[in-house]
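Beneath this line is the structure, given in structure tokens, with notes to follow.
Per chain, numbering begins at 1; letters A, B, ... match sequence-line order.
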There are 2 protein chains.
Amino acid sequence: MKQPASNKRPQPARASEPKQRRTGKDAARRSVCPIACTLDVLGDKWTLLVVRDLFAGKSHYHEFASSPERIASNILADRLERLVTAGLVETSSSSQRVGSSAYALTARGTSLFPLLAAIRDWGLANIAGTQARVQVPSPKA
Amino acid sequence: MKQPASNKRPQPARASEPKQRRTGKDAARRSVCPIACTLDVLGDKWTLLVVRDLFAGKSHYHEFASSPERIASNILADRLERLVTAGLVETSSSSQRVGSSAYALTARGTSLFPLLAAIRDWGLANIAGTQARVQVPSPKA
DNA sequence: CACATCGCTTGCAAAATGCAAGTGAAATTG
DNA sequence: CAATTTCACTTGCATTTTGCAAGCGATGTG
């Protein structure tokens, strides 16, 4: 126990602070930085792959699940739920099944295209062996 | 124990396959998709914040550590090491300390700027309360 | 109506993360 | 120049997230 005898900051300990751990779905925003805030939503290895698949025209659970990266089923369900919560994806209940069946990007989700394109372009230019597949869904094919 | 009696795929079990778990630092590439490959390198909540700080001119460990998001020390050390391994960052041994002291983006690291800008722009446009700070390091100030 | 498929859940082990507290060397200070 | 402070990390540990396999109910199909 070394106590340098000064420099103590005993932290008054307000009794009603829940000791916020910065993790979990309800984690507080880390800062006001737009990069940090975007990463709070999209910053992991799977979310943007689901978005990529949505841009590629996929809409069903098993289509996402059968992408070459083989996302685990529980992770996929979690990411879809988060994307819906974040307002980037909506479940079109066209066939109104029990579980949600068809997913689609919202307008806000579609606005991710430049971001996704920048990531794709960087990968193509900087990682050997990568191949482009996703195309811009041409407005008037 | 319900065994549907058919549809069994007993997986011949080649004795010499190490049962690759797709996690850890040496995880294999998940696909040839440039987006997936980029996320293999940058896909987490912290890596791009370190890159952001590097673009903002920071170069020392304690500068990254004192960013508003308060990255944990062990995570910061890990991310810097990965960035160096990935060839995006180098330790300039200008003052040749024991621990590496000054970090800087390599040319490949600098090429991340459009990606980072796209993320920043999306955040600014789509997440309320975000504020831009990072500026393009003007080539001829 | 047996069976396959779809859209998820569940259980569990392994890995990553968050946090606090070191540690050792260099720089600073008295 | 001894004492302290700062810097750049490490370490230990609890909690959370991930990966993987399996299961499960509700359709769809032959």
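Among the heavy atoms of the strands lying under 4.0 Å from A/Y103 are primed sugar atoms or P, OP1, OP2 only; no base atom is included.
For the pair A/I75 CD1 and C/dA14 P, the interatomic distance rounds to 17 Å; values are reported in whole Å. Nucleotide D/dC20 holds its C1' atom 14 Å from the CD atom of B/Q20, rounded to whole Å. Nucleotide D/dT10 holds its C1' atom 15 Å from the CD1 atom of B/I71, rounded to whole Å. Across the protein-nucleic acid pair, A/K58 atom NZ and C/dC6 atom P stand 13 Å apart, rounded to whole Å. If you measure from atom CG of A/L76 to atom C1' of C/dT9, you get 13 Å, rounded to the nearest angstrom. Atom CG in B/N74 sits roughly 14 Å away from atom C1' in C/dA15 (whole-Å rounding). Distance A/E69 CD to D/dG19 C1': 15 Å, rounded to the nearest Å. Rounded to a whole Å, the CZ atom of A/R21 is 17 Å from the P atom of C/dA16.
Comparing atom distances between the A/H62 side chain and each of C/dC19, D/dT18, C/dC6 picks out C/dC6 as nearest. Among the nucleotides D/dC7, C/dG7, D/dT15, the one closest to any side-chain atom of A/S101 is C/dG7. Distance from the side chain of B/R79 is smallest for C/dT17 among the nucleotides C/dT17, D/dC20, C/dA16. The A/Y61 side chain lies nearest to C/dT9 when the options are C/dT9, D/dT15, C/dA14.
A donor atom on one side chain and an acceptor atom on the other are found under 3.5 Å apart for B/S73 and B/Y61.
Contact of the B/S111 side chain with the A/W122 side chain is registered, since non-hydrogen atoms from C-beta on lie closer than 4.5 Å. Using a 4.5 Å heavy-atom cutoff, the side chains of B/L112 and B/L115 are in contact.
Atom CG of residue B/D40 and atom CZ of residue B/R22 lie 9.0 Å apart, to the nearest 0.5 angstrom.
Of the two residues contacting DNA chain C, namely B/D78 and B/S73, the nearest-nucleotide position lying further toward the 5' end is that of B/D78. In this structure, A/A77 and A/R22 both approach DNA chain C, and ranking their closest nucleotides by distance from the 5' end singles out A/A77.
Ion pairing of A/R52 with A/E69 is present here, as a side-chain N (NZ or NE/NH1/NH2) and a carboxylate O approach within less than 4.0 Å.
OP1 or OP2 of C/dC6 has not a single side-chain nitrogen or oxygen of A/H60 nearer than 4.0 Å. For the OP1/OP2 pair of D/dG19 and a distance below 4.0 Å, the side-chain nitrogens and oxygens of A/W46 include at least one atom meeting the criterion.
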